[in-house]
Each structure stands twice: as structure tokens, then as C-alpha cells.
Amino acid sequence: MKVIATIIRLLFLALFVFLILTGNMLLWLALFGVSLVAAIFFGRVYCGYVCPMNTLMIPAEWLSKKLKMQTQKTPKCLKSGVFAWVFLVFTIAIMIISQGVLHLNLPVLLIWLVISVLVTLRFKPEVFHNLICPFGTLQRTFGRFAIFSKKVNNASCIGCRLCEPVCPSGAIEVQNEDSKAAISNKLCHQCTNCADVCPEDAIQYGHRIDRKKTIIMPENFEAK
């Protein structure tokens, strides 16, 4: 599954580069808009498979760990999550002003791509995903209502915690109350990292049938 996921990400990265070179970035923004609607049904698949930032952050994280540059600390100024919304408003404003007023094609998305890689070279991926990325802010808002999402079978989960360190967005955490893993739908990228390392095959993608039993994570879950 990892190979298939990687191929999908690389194909979308190639599409992103092609649209940049041909000056058709509005098509990518349209794709992003469609992904927000899709997030209501299928979760944040855009973040897990389509987003070029996430695709480049994966090797950036590997390099960071290899060179021992990564810190486990999260900047205190970012922990509230407010800056992600500020960056979203700022990004939209820049796009509107540059296109509508100045008639310039500022590479806003490309700038964010560079920022995502630089941040990941120093901090855990979840810092950018949850506390900085303006596009992730919208994906979180729509993804929290996902009808289909990654879920944990409590009967099979043994609380081994192998899933926690491999999650790029810090979406999965073993609860102290029952030693069972729980997934935050608004943070989950719907990738296969957690399922790949689960020794009991307790994590699967499917319909959230019983919403009343779905564990709702506290707001500070994303800023550990």
C-alpha cells in the first residue's frame, strides 16, 4: 500500500508542477475546493495523497531525522492554533490583491511549499500540518464531519502505541483511560501509516456507523 500511496502522491506533485509551469494554478485551487467537499465524505484525503506540501515533507522529515535536526518541541507561540487561521486570511488576501488589483501572478502556493519543507526540517510534521498550514485549517474544518474515516477496533487494539509516532499529523493517540487508540477525524490524513504498523490489524478505513461512540478529542489534542 505504501508504494501505491507514494505513486499517487508523486503523480499529483507532477500535476502541481505542470500547472505552475503552465500558469494554470486556478485549476489547482479548484481541485482544492472540490477536496473540501470530498473531506465531508471521505476525510482529509487531499492532505494525505494530493497535497504537494505533504509529499515533500515526507523526505524532508526523513532527512531531518537523519541529520538529527528535528526537535520534539512545539513553539509555544503556535500552540493555540490561532496562527493557522491568520495565515489563511493573509494568504487569501494576498491572492485577491495580487490577482485582482495588481494583476500579478505571485507564486503563493509555491512559497508555502518552501515554508512547509523548511519547517519540517526543524519540527515534527504535525507542527506545520496542525498549527501553521492555512489550507490544513480548512481541511480540518470539513474533515471533522467525515462519513468515512480511519477508525480503531477497540476489541483488537492492544494499546502498543506503535501507531502514535508514525502519524504525520498526531491524529492518533492511546487513551489513558482504557489503553485503546483513538483517532481524531479532523486531524487524520487518511494515510496508511498507522494501519501499516498495527500488529493486530485494528485500524481500518470505513463508515463511521456509531457516531455516538466516536471519541471526540479535546481541542488541545493537536498541539501536544
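In this text, all values refer to a predicted model and were calculated from it rather than measured experimentally. Computed from heavy atoms alone, side chains included, the values below leave out hydrogens, waters and symmetry copies. Start at 1 with the first residue, then count along the sequence.
Contact between Lys186 and Arg140 at its shortest, heavy atoms only, is O-CG, 3.2 Å. Residue Asn154 comes nearest to Ala181 through the heavy atom pair OD1-O, 4.0 Å, listed as atom of the first residue, atom of the second, then distance. Between Pro52 and Leu13, the shortest heavy-atom distance links the atoms CB-CD1, 3.8 Å. Taking every heavy atom of both residues into account, Met57 and Pro125 meet most closely at CE-O, 3.7 Å. Between Gln190 and Gly43, the shortest heavy-atom distance links the atoms NE2-CA, 3.8 Å. Glu126 and Gly170 make their closest contact through OE1-CA, 3.7 Å (heavy atoms, listed as atom of the first residue, atom of the second, distance).
Side-chain contact check for Val50 versus Thr55: every heavy-atom pair is 4.5 Å or farther apart. Counting only heavy atoms from C-beta outward, the side chains of Leu162 and Pro199 approach each other to under 4.5 Å. Between Val45 and His189 the shortest side-chain heavy-atom distance does not fall below 4.5 Å. Two residues are said to be in side-chain contact when any heavy atoms from C-beta on lie closer than 4.5 Å; Phe128 and Trp112 meet this criterion. At least one side-chain heavy atom of Thr22 sits under 4.5 Å from a side-chain heavy atom of Phe18. Within the 4.5 Å cutoff, no side-chain heavy atoms of Lys180 are placed close to those of Val152. Residues Leu29 and Met95 meet the side-chain proximity criterion, which asks for heavy atoms closer than 4.5 Å. Under the 4.5 Å side-chain criterion, counting only non-hydrogen atoms from C-beta, Trp28 is in contact with Leu109.
Counting only distance, with no hydrogens or angles, the side chain of Gln70 and the backbone of Lys68 share no donor-acceptor pair below 3.5 Å. Judged by distance alone, with hydrogens and angles left aside, the side-chain atoms of Asn130 form a donor-acceptor pair with the main-chain N or O of Ser169 at under 3.5 Å. In this structure, the side chain of Asn193 does not engage the main chain of Cys167 through any donor-acceptor pair within 3.5 Å. Side-chain N or O atoms of Gln204 include none that pairs as donor or acceptor with a backbone N or O of Lys150 at under 3.5 Å. When atom types are taken as modelled, the side chain of Asn24 and the backbone of Leu19 share no donor-acceptor pair closer than 3.5 angstrom.
Atom-to-atom distance recorded for Ser64:OG and Leu118:CG is 11.5 Å, nearest 0.5 angstrom. Here the CD atom belonging to Gln139 is positioned 4.5 Å from the SG atom belonging to Cys47, to the nearest 0.5 angstrom. Separating the CG atom in Leu121 from the CE atom in Met69 is a distance of 5.0 Å, to the nearest 0.5 Å. Rounded to the nearest 0.5 angstrom, Ile183 CD1 and Ser149 OG are separated by 6.5 Å. Here the straight-line distance linking atom CZ of Phe145 with atom CD1 of Ile40 works out to 8.0 Å at 0.5 Å rounding. In this structure, CD1 on Ile172 lies 10.5 Å from OG on Ser184, to the nearest 0.5 angstrom.
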Give the C-alpha distance, both sets of side-chain angles, the deciding distance and a yes or no for side chain to side chain contact (heavy atoms under 4.5 Å, CB included) between Phe87 and Ile132.
CA-CA 7 Å; Phe87 292 142; Ile132 297 177; 3.9 Å; yes

Please lay out, stage by stage, how Glu200 and Cys157 fare under the test side chain to side chain contact (heavy atoms under 4.5 Å, CB included).
CA-CA 7 Å; Glu200 300 297 322; Cys157 180; over 6 Å; no

Evaluate Leu113 against Leu110 for side chain to side chain contact (heavy atoms under 4.5 Å, CB included), listing each step before the verdict.
CA-CA 5 Å; Leu113 187 66; Leu110 193 58; 4.0 Å; yes

Could you go through Leu31 and Leu27, starting from their C-alpha distance and side-chain angles, then the distance that decides it, and tell me whether this counts as side chain to side chain contact (heavy atoms under 4.5 Å, CB included)?
CA-CA 6 Å; Leu31 174 62; Leu27 292 178; over 6 Å; no

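Neither Val166 nor Tyr205 shares a network with the other; the hydrophobic side chains, linked directly or stepwise wherever heavy atoms of I, L, V, M, F, W or Y lie under 4.5 Å apart, form separate groups for each. Hydrophobic clustering of Ile, Leu, Val, Met, Phe, Trp and Tyr side chains at less than 4.5 Å, counting indirect connections, keeps Val114 apart from Ile58. No continuous path of hydrophobic side-chain contacts links Ile111 to Val86 [ILVMFWY only; heavy atoms under 4.5 Å]. Following chains of ILVMFWY side-chain contacts shorter than 4.5 Å, one can reach Phe135 starting from Phe90, so the two form part of one hydrophobic cluster. When the side chains of ILVMFWY residues are joined at heavy-atom separations under 4.5 Å, either directly or via intervening members, Val82 and Leu88 end up in two distinct hydrophobic clusters.
His207 and Phe148 have perpendicular rings, their planes meeting at more than 60° on a 0 to 90° scale where under 30° would count as parallel.
Heavy atoms from other residues, nucleotides or ligands lying under 6.0 Å from CZ of Phe83 number 12 at most.
A ring-ring contact (aromatic ring centres under 6.0 Å, His included) with Phe32 is found for one member of Phe16, Tyr46, Phe12 and no other, namely Tyr46.
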